[in-house]
Amino acid sequence: MVHAVTGTLLLDHGAFLFSICHILRGNSLDPIPIARPVIGRDEIDAVTAVLESGMLASGSRVAELERSFADYCGAAHAVAVNNGTAALHAALMAAGIGHGDEVIVPAFTFYATASSVLMCGATPVFADVDEKTFNIDPRKISACITKKTKAVIGVHIFGQPFDIPAVQEICGRHKLILIEDAAQAHGASLNGKKVGSSGDLACFSFYATKNMSTGEGGMVTTGSKALNDRLRLVINHGQSEKYLHTCLGYNYRMTDMAAALGIVQLKKLDGFNEQRRKNAAYLNAHLSVNGLVTPVTPKGMQPVFHQYVIRLTDEFPMNRAAFMDYLKENGIGSAIHYPIPLPRQPVFGLKNDPDPCPVATRLAASVLSLPVHPSVDEKQLAYICDTINRVK
Ligand SMILES: Cc1ncc(COP(=O)(O)O)c(C=O)c1O
């Protein structure tokens with residue numbers, strides 16, 4: 001700030017602000033985006049080698065990524081697919097979910113967690129979430145259980161593991177399948193155990209903005225050989241041998257180009273996650289405006305901050321839309337994850353009166369994600385905090 005002031009005394013107001021932004025954003029005139037994939041020379045070389053090999057479809061790179069990802073998560077098996085939604089659909093199909101079944105999902109998550117249930121002909125039943133962690137509230141699950149309930153999908157939302165032991169206990173008691181939606185949580189852990197190794201199945205996304213990426217891609221992990229075998233049928237046309245289709249399946253296979261990218265990204269994942277945690281710690285320590293609530297990390301949890309999500313209460317000096325405009329004018333990206341709670345999405349055709357998931361509704365109206373990805377440097381973090389702390 002001080003340097004910016006001394007350097008810009010002769011400028012008019014607009015140029016003065018522009019100059020401050022310029023200096024505090026590290027002499028970069030680009031806005032600070034809400035997400036940015038980190039792709040280096042080694043990713044480019046790995047993909048180029050596949051292109052040069054002529055083997056573009058699913059082959060040795062996919063097999064290598066599956067093995068290393070399973071080992072990374074501490075799971076016995078991993079099956080690579082072409083996106084995270086396919087991972088969820090294939091996991092539900094492998095678990096035998098179909099018409100007439102109900103699957104409990106959190107009310108506050110990305111659409112695909114629940115659309116994958118519809119894709120099986122089953123019905124998603126929404127459980128409300130915890131206001132502080134944004135995660136499925138285990139106390140709300142029991143009330144959603146009926147004779148038709150077959151499974152629970154818990155989401156490690158924004159990279160924070162949900163309360164796995166509590167949800168596992170409920171699933172065990174009611175003989176329900178537990179699926180982890182770990183699309184946003186590669187490498188996160190709870191009580192020293194990585195996500196992806198506790199549920200019957202766990203689903204990951206490698207979409208471009210995720211903590212590790214293959215552009216589009218996904219993975220299902222499982223400890224069960226039987227589920228692994230069924231998954232492999234589901235993702236490959238239900239084909240048990242060439243041109244013999246023994247069950248309904250899809251083409252959900254990953255390409256070797258995507259897998260080559262994933263192999264390099266997986267090696268860098270711990271470093272990316274460490275940087276995200278450092279960035280989040282900086283924001284936690286420096287953001288200070290009445291009514292701005294920073295993320296809460298419960299004891300025993302090691303989150304990976306896929307998103308850094310703040311909540312704005314009534315005491316915050318601006319409404320959320322005006323605040324987002326203010327951030328945009330100052331070159332800071334922000335986003336709402338997610339503006340509509342799932343029970344209110346028209347596709348599910350629910351009547352929400354009285355509101356069955358009031359916490360999810362409140363969160364949808366009050367959350368805001370700020371840049372936390374590994375490319376945000378300390379100067380930019382200082383600029384973000386300074387810009388926000390000036391809000392009155
Ligand atoms: C929680 C959650 N589940 C599932 C998905 C679906 O993954 P994909 O976009 O790779 O299909 C996403 C992707 O954003 C997600 O965030």
Side-chain angles (χ1 to χ4, degrees), residues 1 23-26 28 31-38 72 129-135 155-164 182-195 209-213 265-313 315-316 323-324 327 330-337 363 366-391:
M1 278 297 279
I23 289 167
L24 289 178
R25 278 191 242 151
S28 155
I32 305 167
I34 186 70
R36 175 180 281 162
V38 185
Y72 180 82
V129 295
D130 179 87
E131 190 136 18
K132 292 205 176 87
T133 63
F134 313 120
N135 268 320
V155 181
H156 305 302
I157 196 80
F158 309 139
Q160 308 211 91
F162 64 84
D163 186 347
I164 300 172
Q184 307 184 353
H186 329 64
S189 65
L190 187 65
N191 304 325
K193 196 170 179 342
K194 282 222 176 73
V195 304
T209 59
K210 295 294 192 276
N211 292 38
M212 65 168 277
S213 174
Q265 288 265 296
L266 181 57
K267 289 184 185 138
K268 299 180 179 176
L269 177 62
D270 285 343
F272 291 158
N273 285 342
E274 195 46 46
Q275 192 57 51
R276 284 175 183 272
R277 275 191 292 271
K278 274 193 192 143
N279 292 351
Y282 188 102
L283 293 168
N284 281 345
H286 293 87
L287 284 174
S288 157
V289 183
N290 269 351
L292 186 159
V293 185
T294 54
V296 172
T297 300
K299 205 164 162 267
M301 181 192 287
Q302 193 176 41
V304 292
F305 290 99
H306 172 57
Q307 300 293 350
Y308 180 88
V309 180
I310 57 171
R311 284 185 292 135
L312 304 180
T313 71
E315 284 165 33
F316 192 72
F323 183 46
M324 286 181 84
L327 291 174
N330 285 283
I332 300 169
S334 65
I336 301 172
H337 301 107
L363 287 176
S366 59
V367 290
L368 190 69
S369 306
L370 300 175
V372 74
H373 54 86
S375 305
V376 187
D377 63 28
E378 200 165 317
K379 255 187 196 162
Q380 291 173 320
L381 290 167
Y383 171 72
I384 292 170
C385 293
D386 182 63
T387 307
I388 292 177
N389 291 342
R390 276 189 278 122
V391 166

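Quick caveat: nothing in here was measured; it's all calculated off a predicted structure.
- Listed by chain and residue number, Phe204, Phe206 satisfy the ring-ring contact (aromatic ring centres under 6.0 Å, His included) test with His186 (two or more places apart in sequence, or in another chain).
- Residue pairs meeting the side-chain hydrogen bond (donor to acceptor under 3.5 Å, both in side chains) criterion with at least one member in residues 294-313, sequence neighbours excluded, are Asn211-His306, Asn284-Tyr308.
- Scored by the side-chain hydrogen bond (donor to acceptor under 3.5 Å, both in side chains) test, Asp130 finds Thr133 as partners (sequence neighbours excluded).
- Checked against ring-ring contact (aromatic ring centres under 6.0 Å, His included), Phe305 has no partners two or more places apart in sequence or in another chain.
- With sequence neighbours excluded, no residue forms a side-chain hydrogen bond (donor to acceptor under 3.5 Å, both in side chains) with Lys132.
- Among all heavy-atom pairs drawn from Val309 and Pro295, the shortest one is O-CG, 3.4 Å.
- With rounding to the nearest 0.5 Å, the separation of CG in Leu287 from CG in Asp386 is 11.0 Å.
- Atom CG in Leu370 sits 11.0 Å away from atom OG1 in Thr387 (nearest 0.5 Å).
- In this structure, the side-chain hydrogen bond (donor to acceptor under 3.5 Å, both in side chains) partners of Gln265, at least two apart in sequence or on a different chain, are Glu43.
- The minimum heavy-atom distance linking Gly159 with Ala188 is given by the pair O-CB, 3.6 Å.
- Considering only residues two or more places apart in sequence or on other chains, Tyr72 meets the ring-ring contact (aromatic ring centres under 6.0 Å, His included) condition with none of them.
- A donor-acceptor contact shorter than 3.5 Å is absent between the side chain of Asn330 and the backbone of Ile332.
- To the nearest 0.5 angstrom, Ile388 atom CD1 is 8.0 Å from Leu368 atom CG.
- In this structure Glu274 satisfies the salt bridge (charged side-chain N to carboxylate O under 4.0 Å, His left out) test together with Arg277, sequence neighbours excluded.
- For the pair Ser375 and Arg36, the tightest heavy-atom approach, listed with the atom from each and the gap, is OG-CD, 4.0 Å.
- Residues satisfying the salt bridge (charged side-chain N to carboxylate O under 4.0 Å, His left out) criterion with Lys267, sequence neighbours excluded, are absent altogether.
- The distance from atom CD1 of Ile32 to atom CG of Leu381, rounded to the nearest 0.5 Å, is 8.0 Å.
- Remark: of the listed residues Val155, Leu190, Val195, Asn135, Asn135 is the sole one forming a side chain to side chain contact (heavy atoms under 4.5 Å, CB included) with Phe162.
- The distance from the CG atom of Leu292 to the CD1 atom of Ile310 is 4.0 Å, given to the nearest 0.5 Å.
- Side-chain contact check for Ile164 versus His156: some heavy-atom pair is nearer than 4.5 Å.
- Pro37 meets the side chain to side chain contact (heavy atoms under 4.5 Å, CB included) test with Ile39; sequence neighbours excluded.
- Annotation for Gly187 and Leu269: closest pair N-CD2, 4.4 Å, computed over non-hydrogen atoms.
- Taking both residues in full, the closest heavy atoms of Gly333 and Pro371 are given as O-CD, 3.2 Å, listed atom of the first, atom of the second, then distance.
- Between Pro298 and Gln160, the closest heavy-atom pair is CD-OE1, 4.4 Å.
- For Tyr282, the ring-ring contact (aromatic ring centres under 6.0 Å, His included) test picks out His286, with sequence neighbours left out.
- Ser369 pairs by the side-chain hydrogen bond (donor to acceptor under 3.5 Å, both in side chains) definition with His337, not counting sequence neighbours.
- Remark: Met212 CE to Asp270 CG distance equals 11.0 Å, nearest 0.5 Å.
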